[in-house]
Enquirer: 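Quick one: this structure, given as structure tokens, is what I'll be asking you about.
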Amino acid sequence: QKIAFDVTQQIVSVLVGDSTTYGNQTGHRVLRLQSRHQLFPQVLRLVLGYIATKVDTRGCDPRELGHQRYVRLLVEQLVAAIEPDDAVGESPLLPILNRYQPMGTTEGVDFKTTKPCFAIERSHVNQVAADTRTWEQSAAFRLEQARDVVAFYVRNEGLGFTIPYDYEGISHAYEPDYLVRLVTPEGAPERTLILEVKGYETDEERAKHTAARRWVSAVNHWGGEGEWAFHVNRDPRMLGHELGSLFAPGTALVAMPAD
């Protein structure tokens, strides 16, 4: 119980903006206005629920959770997942864009690489640089085939599109694998899919994906660049089927829950 209370206290400190442990956190602009006694019981319920459903002690003493590394992971993951409830009038998340280049484009993508490359047709960039032998090639092949769903796409390399996230107290930049412009019904807002192709998910990968879902929520509330969604594909062979079932034209873009 003492460990759960300590984790809760650290999360509340981050949310209200007076945490010294997580110096890059400035607090949530809505939650800063709430007092600690209002936030503490709400956050405590989340902490206890997370520990009960997500933490596997694997036979160790549950108090091992009090080690600094595990406490930091708990705080980071829960802070990243907590969002304001705009349904009850709280101000929604909004994106913070790069002040020097708020909008990206494929126009200037031109770089040299030692990675193996292969030609593609349905992208503004004529080749895909592969990090692995099969995954990027297989994903691009399925994207090329999915003409009923995919208008065009681009491998996210040289674009400068990154999403910030924290892991073990250090700030990082997450670069998703693909940006996919989905086929959009006439008169509807443009729809963009952030696509990650990942077989095995580590704790750091989960932190990246949580940050991506949070960014999608913010950019959709903003509304300045159409509708966005985030999807993790575990098997490139199933990518075409997943795109057709989840993102067909006329299908609402629903935020996919975290694993």
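All values reported here derive from a predicted model rather than from experimental measurement.
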Enquirer: Are Lys208 and Glu196 ion-paired here, with the side-chain N under 4.0 Å from a carboxylate O?
Expert: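 No, Lys208 and Glu196 are not salt-bridged.
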Enquirer: Kindly indicate, with the supporting measurements, whether the criterion side chain to side chain contact (heavy atoms under 4.5 Å, CB included) is fulfilled by Asp148 and Val183.
Expert: CA-CA 7 Å; Asp148 293 339; Val183 173; over 6 Å; no
Enquirer: Ignoring hydrogens, what is the shortest heavy-atom contact between Ile163 and Pro176? Give both atom names and the distance.
Expert: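 Nearest heavy atoms, Ile163 then Pro176: CD1-CG, 4.3 Å.
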Enquirer: Return the CD to CZ distance between Glu242 and Arg237, rounded to the nearest 0.5 Å.
Expert: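 The distance works out to 11.5 Å.
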Enquirer: Report the C-alpha separation of Phe111 and Val109 in whole Å, then their side-chain angles, then the decisive distance to 0.1 Å, and conclude whether the side chain to side chain contact (heavy atoms under 4.5 Å, CB included) test is met.
Expert: CA-CA 7 Å; Phe111 60 92; Val109 177; 3.7 Å; yes
Enquirer: Distance-only, no hydrogens or angles: does the Ser217 side chain make a donor-acceptor pair with backbone N or O of Arg213 under 3.5 Å?
Expert: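 Not at all, since once roles are kept as given, no pair shorter than 3.5 Å links the two residues.
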Enquirer: Mind running side chain to side chain contact (heavy atoms under 4.5 Å, CB included) on Leu179 and Tyr153 for me, showing each step along the way?
Expert: CA-CA 6 Å; Leu179 291 177; Tyr153 68 97; over 6 Å; no
Enquirer: Heavy atoms only: give me the nearest Ala80-Thr210 pair and the separation to one decimal.
Expert: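 Between these two residues, the closest heavy atoms are CB-CG2, 3.7 Å.
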Enquirer: Would you mind reporting whether Thr8 and Phe5 have side-chain heavy atoms less than 4.5 Å apart?
Expert: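 A side-chain contact is absent here, since even the closest heavy-atom pair is not under 4.5 Å.
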Enquirer: To the nearest 0.5 Å, what is the distance between OG1 on Thr113 and CD on Gln127?
Expert: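 With rounding to 0.5 Å, OG1 (Thr113) is 10.5 Å from CD (Gln127).
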Enquirer: Could you tell me if the side chain of Val71 sits less than 4.5 Å from the side chain of Leu65, heavy atoms only?
Expert: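 Not in contact.
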Enquirer: State the CG-CD distance between Asp166 and Glu76, to the nearest 0.5 angstrom.
Expert: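 One finds 5.5 Å between CG of Asp166 and CD of Glu76.
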Enquirer: What are the two closest non-hydrogen atoms of Pro164 and Ala211, and how far apart are they?
Expert: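 Heavy-atom minimum between the residues: O-CB, 3.6 Å.
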Enquirer: Using a 3.5 Å distance criterion without hydrogens, assess whether the side chain of Asn98 forms a donor-acceptor pair with backbone atoms of Gln101.
Expert: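 Pair found, side chain donor or acceptor close to backbone of Gln101.
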Enquirer: Any side-chain heavy-atom pair from Arg191 and Thr184 closer than 4.5 angstrom?
Expert: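 Yes, close enough: below the 4.5 Å cut-off.
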Enquirer: For a quick test of reading the model, state the closest non-hydrogen atom pair linking Gly244 to Ala248 and the distance between them.
Expert: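 The answer is O-CB, 3.3 Å.
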Enquirer: More than 12 heavy atoms of other residues, nucleotides or ligands under 6.0 Å from CD of Glu190: yes or no?
Expert: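 Counting other residues, nucleotides and ligands, CD of Glu190 stays at 12 neighbours or fewer.
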Enquirer: So Val125 and Asp110, do their side chains get closer than 4.5 Å, heavy atoms only?
Expert: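 Of all side-chain heavy-atom pairs linking Val125 with Asp110, none is under 4.5 Å.
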Enquirer: Run the salt-bridge test on Glu144 and Arg122 with the 4.0 Å N-O cut-off and return the result as yes or no.
Expert: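 Salt bridge absent between Glu144 and Arg122.
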Enquirer: Report whether Ile51 and Val7 are members of the same hydrophobic cluster (ILVMFWY, side-chain heavy atoms less than 4.5 Å apart, transitive linking).
Expert: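 Yes, same cluster.
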Enquirer: Going by atom types only, do His209 and Glu201 share a side-chain donor-acceptor pair under 3.5 Å?
Expert: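 Yes, a side-chain donor-acceptor pair sits under 3.5 Å.
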Enquirer: Indicate, with yes or no, if Leu97 and Leu159 share a hydrophobic cluster defined by side-chain heavy-atom contacts under 4.5 Å among Ile, Leu, Val, Met, Phe, Trp and Tyr.
Expert: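 Yes, because Leu159 and Leu97 connect within a single hydrophobic cluster, where side-chain heavy atoms sit under 4.5 Å apart.
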Enquirer: Find the distance between CG (Asp203) and CZ (Arg69) and round it off to the nearest 0.5 Å.
Expert: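 That separation rounds to 6.5 Å.
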Enquirer: After noting the C-alpha distance and the side-chain angles of Asp177 and Ile194, does the key distance pass the side chain to side chain contact (heavy atoms under 4.5 Å, CB included) rule?
Expert: CA-CA 8 Å; Asp177 288 332; Ile194 302 174; over 6 Å; no
Enquirer: I'd like to know if Leu239 and Leu246 are part of one continuous hydrophobic network [Ile/Leu/Val/Met/Phe/Trp/Tyr, side-chain heavy atoms within less than 4.5 Å].
Expert: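 Cluster IDs for Leu246 and Leu239 match.
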Enquirer: Do Arg72 and Gln10 have side-chain heavy atoms sitting under 4.5 Å apart?
Expert: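 Sidechains of Gln10 and Arg72: no contact.
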Enquirer: I'd like to know whether OH of Tyr70 has more than 12 heavy-atom contacts from other residues, nucleotides or ligands below 6.0 angstrom.
Expert: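 Open.
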Enquirer: Once you round to the nearest 0.5 Å, how far does CG of Leu143 lie from CD1 of Ile120?
Expert: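 It comes to 9.0 Å.
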Enquirer: What are the two closest heavy atoms between Arg142 and Gly240, and how far apart are they?
Expert: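 Smallest heavy-atom distance, with atoms named: CB-N, 4.2 Å.
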Enquirer: Report yes or no: does Arg181 contribute a side-chain atom to a donor-acceptor pair with the main-chain N or O of Val150 at less than 3.5 Å?
Expert: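 Looks like no, no N/O pair under 3.5 Å.
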Enquirer: Taking the six-membered ring for Trp, are Phe161 and Trp215 closer than 6.0 Å centroid to centroid?
Expert: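 Yes, ring centres under 6.0 Å apart.
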Enquirer: Say whether, by atom type as modelled, one donor and one acceptor occur between the side chain of Ser123 and the main chain of Asn126 under 3.5 angstrom.
Expert: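 The answer is no, because no donor-acceptor pair under 3.5 Å joins these two groups.
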Enquirer: Report yes if some heavy atom in the side chain of Leu195 is under 4.5 Å from a heavy atom in the side chain of Phe230; otherwise report no.
Expert: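 Side chain of Leu195 against side chain of Phe230, heavy atoms only: no contact under 4.5 Å found.
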Enquirer: Within this structure, what is the CG-CG distance for the pair Leu94 and Asn220, rounded to the nearest 0.5 Å?
Expert: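 Separation between the atoms: 11.5 Å.
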Enquirer: Ignoring hydrogens and geometry beyond distance, is a side-chain donor-acceptor pair present between Glu204 and Tyr165 at under 3.5 Å?
Expert: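 A pair is found: one side chain offers a donor N or O, the other an acceptor, under 3.5 Å apart.
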Enquirer: Looking only at non-hydrogen atoms, find the nearest pair between Ala130 and Gln137 and report the distance.
Expert: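 The pair with the smallest heavy-atom distance is CB-OE1, 3.7 Å.
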Enquirer: Quick one: do Ile11 and Tyr50 end up in the same hydrophobic cluster if we chain Ile, Leu, Val, Met, Phe, Trp and Tyr together by side-chain heavy atoms under 4.5 Å apart?
Expert: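 Both belong to a single hydrophobic cluster.
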Enquirer: Please examine the side chains of Ile170 and His172, heavy atoms only from C-beta on, and report whether any two atoms are closer than 4.5 Å.
Expert: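 Side chain of His172 against side chain of Ile170, heavy atoms only: contact under 4.5 Å found.
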Enquirer: Establish, for the pair Arg155 and Tyr178, whether the NZ or CZ atom is under 6.0 angstrom from the six-membered ring centre and no further than 45 degrees off its axis.
Expert: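 Judged by the rule, Arg155 and Tyr178 form a cation-pi pair.
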Enquirer: Going only through I, L, V, M, F, W and Y residues with side-chain contacts under 4.5 Å, is there a path from Leu48 to Val43?
Expert: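 Yes; Val43 is reachable from Leu48 via cluster members.
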Enquirer: Find out whether Asn233 and Lys198 are in side-chain contact, i.e. whether some heavy atom of one side chain is under 4.5 Å from a heavy atom of the other.
Expert: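 Answer no - side chains too far apart.
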